[in-house]
Amino acid sequence: MSARPDRTPLARSFFDRPVLAVAPDLLGRTLVRRTADGPLELRITEVEAYEGEADPGSHAYRGRTARNASMFGPPGHAYVYFIYGMWFSLNLVCGPPGHASGVLLRAGEVTVGADLAAKRRVSARHPRELAKGPARLATALDIDRSLDGTDLCADPDSPLSVLHGTATPPGLVSSGPRTGVGGAGAHHPYRFWLTGDPTVSPYRAHSPRKRPT
DNA sequence: TCCCGGATCCGCT
DNA sequence: GCGGATCCGGGAT
């Protein structure tokens, strides 16, 4: 931690690539969130790729709607959605433009503003749990639908941006099936994480909920 | 430590 | 009306 990280936002060309190239390349990069209470920074440790309209596991599978419109927009922007009646999750839209592909940020290490994150994540027993899971990550960084469509490449002082960080050597990256995704393509190794990192969320297989009687 | 069910509501069929 | 890219607490092991 002696070297000061690069304060330059990632170039849009970083995101304007196939999602399966972008997703593992995001590991170790820095997500910056600026709130009224102060800045937070997150080192990305776990992601999942969603391959646009051709991917049965993707929100874009059934075409463009009001909710997923951001995924069909330009690369390098945020797609924030509301799920399970109480949580938000953050995606980074990737190229090629119009393919509606994106990377779900599933987990990370809070490196700046851990005190602010802890106030929002009261149930976290340990700093490693602050952003251990997509909804926890969004809660820790105070991310909601108001940030949907935010340009992540514009300015490090914007509400949300992604900065350069140290690129992770491929040998330190693991991959496997996506968490909670069923149906066709459920087995695809579209989930990527930093091998052995304690902030990576536990894998859970897809299991449909039972309906009340 | 694991497993299970409840919470909660929006978008789409 | 139904199911969802989840989380958490409680009870069992």
Side-chain angles (χ1 to χ4, degrees), chain A residues 15 19-20 22-24 26-27 31 42 44-73 77-94 99-108 110 117-149 152 160 174-193 198-213:
Chain A
F15 294 97
V19 66
L20 289 179
V22 176
L26 277 168
L27 296 172
L31 179 71
L42 180 99
I44 300 167
T45 61
E46 181 190 356
V47 299
E48 278 177 2
Y50 286 85
E51 283 220 273
E53 292 183 277
D55 183 353
S58 173
H59 288 173
Y61 184 55
R62 301 188 187 283
R64 178 176 178 149
T65 67
R67 174 169 83 145
N68 66 20
S70 291
M71 285 192 95
F72 291 79
H77 288 240
Y79 165 49
V80 180
Y81 66 89
F82 183 63
I83 192 68
Y84 290 128
M86 52 190 118
W87 310 111
F88 294 96
S89 285
L90 171 65
N91 288 252
L92 311 187
V93 179
C94 296
H99 275 233
S101 57
V103 178
L104 169 67
L105 298 191
R106 288 196 56 88
V110 179
K119 286 180 184 172
R120 301 184 51 80
R121 291 273 301 112
V122 180
S123 65
R125 293 292 190 101
H126 191 282
R128 76 186 59 172
E129 297 175 351
L130 289 173
K132 191 175 191 165
R136 291 168 170 180
L137 187 156
T139 300
L141 298 188
D142 196 17
I143 288 168
D144 62 25
R145 271 237 106 185
S146 69
L147 293 171
D148 182 57
L152 304 166
L160 194 63
S174 298
S175 63
R178 293 177 294 192
T179 296
V181 173
H187 64 285
H188 292 159
Y190 286 179
R191 176 174 173 250
F192 303 93
W193 65 93
T199 66
V200 173
S201 68
Y203 173 76
R204 297 187 208 286
H206 176 68
S207 66
R209 282 186 314 164
K210 297 170 223 165
R211 58 174 171 77
T213 53

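Since the model is a prediction, treat every value here as computed from it, not as a measurement.
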Writing each nucleotide of DNA chain B 5' to 3' as (, ), [, ], | or . by Watson-Crick or G-U pairing under 3.5 Å yields |||||||.||||.
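Rounded to an integer number of Å, the gap from CH2 of A:Trp87 to C1' of C:dC8 is 7 Å. One atom, CZ of A:Arg204, and another, C1' of B:dC4, lie 11 Å apart when rounded to the nearest Å. A straight line from OH of A:Tyr84 to P of C:dC2 spans 17 Å, rounded to a whole angstrom. The CG atom of A:Leu105 sits 16 Å away from the C1' atom of C:dT6 (whole-angstrom rounding). In this structure, CZ of A:Arg145 is placed 10 Å from C1' of B:dG11, rounded to the nearest angstrom. For the pair A:Tyr79 OH and B:dC10 C1', the computed distance is 11 Å after rounding to whole Å. In this structure, CZ of A:Arg67 is placed 7 Å from P of B:dG11, rounded to the nearest angstrom. The interatomic distance linking A:Phe82 (CZ) with C:dC7 (C1') rounds to 13 Å, in whole Å.
Evaluation of the side chain to side chain donor-acceptor pair (under 3.5 Å) rule for A:Glu129 yields no partner, not counting sequence neighbours. Evaluation of the ring pair (Phe, Tyr, Trp, His ring centres under 6.0 Å) rule for A:Tyr81 yields A:His59, A:Tyr79 as partners, not counting sequence neighbours. Scored by the side chain to side chain donor-acceptor pair (under 3.5 Å) test, A:Ser146 finds A:Asp144 as partners (sequence neighbours excluded). Annotation: side chain to side chain donor-acceptor pair (under 3.5 Å) contacts of A:Ser58 (sequence neighbours excluded): none. Every residue meeting the side chain to side chain donor-acceptor pair (under 3.5 Å) condition with A:Arg178, not counting sequence neighbours, appears here in chain and number order: A:Asp55. Residues forming a salt bridge (Lys or Arg N to Asp or Glu O under 4.0 Å) with A:Arg128 (at least two apart in sequence, or on another chain): none. Residues satisfying the salt bridge (Lys or Arg N to Asp or Glu O under 4.0 Å) criterion with A:Glu46, sequence neighbours excluded, are A:Arg106, A:Arg191. For A:His99, there are no ring pair (Phe, Tyr, Trp, His ring centres under 6.0 Å) partners, not counting sequence neighbours.
Taking both residues in full, the closest heavy atoms of A:Val47 and A:Ala23 are given as CG2-O, 3.4 Å, listed atom of the first, atom of the second, then distance.
With B:dT8, C:dG4, C:dC8 as the choices, the nucleotide that has an atom nearest any side-chain atom of A:Met86 turns out to be B:dT8. Which of C:dC8, C:dG4, B:dC9 sits closest to the side chain of A:His206 comes down to C:dG4. Distance from the side chain of A:Ser123 is smallest for C:dC8 among the nucleotides C:dC7, C:dC8, B:dC12.
Atom CG of A:Leu104 and atom CG of A:Leu26 lie 11.5 Å apart (nearest 0.5 Å). To the nearest 0.5 Å, atoms CG (A:Leu130) and CZ (A:Arg125) are separated by 13.5 Å.
For the side chain to side chain contact (heavy atoms under 4.5 Å, CB included) test with A:Leu141, the passing option among A:Leu147, A:Leu90, A:Leu42 is A:Leu42; the others fail. Applying side chain to side chain contact (heavy atoms under 4.5 Å, CB included) to A:Trp193 and the options A:Thr199, A:Thr45, A:Ile44, A:Val200 leaves one that passes, A:Val200.
Looking at heavy-atom distances under 4.0 Å, A:Ser89 makes no contact with the nucleic acid at all. Contacts of A:Arg125 with the nucleic acid, taken as non-hydrogen atoms under 4.0 Å apart, are absent. Here A:Arg178 lies out of heavy-atom contact (under 4.0 Å) with every strand.
Residue A:Phe82 qualifies as enclosed at atom CZ: its count of foreign heavy atoms under 6.0 Å is above 12. In A:Arg145, the CZ atom is crowded: over 12 heavy atoms of neighbouring residues, nucleotides or ligands sit closer than 6.0 Å.
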Protein-nucleotides 11-13 of chain C N/O pairs under 3.5 Å:
none

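Only A:Gly133, A:Pro134, A:Ala135, A:Arg136, listed by number, bring a heavy atom of residues 130-137 of chain A to less than 4.0 angstrom from any atom of DNA chain C. Contact check of residues 44-66 of chain A against DNA chain C (heavy atom, cut-off under 4.0 Å) returns A:Tyr50, A:Gly57, A:His59.
Residue A:Tyr81 places a side-chain atom within donor-acceptor reach of the base of C:dA5, judged by atom type and a 3.5 Å distance cut-off alone.
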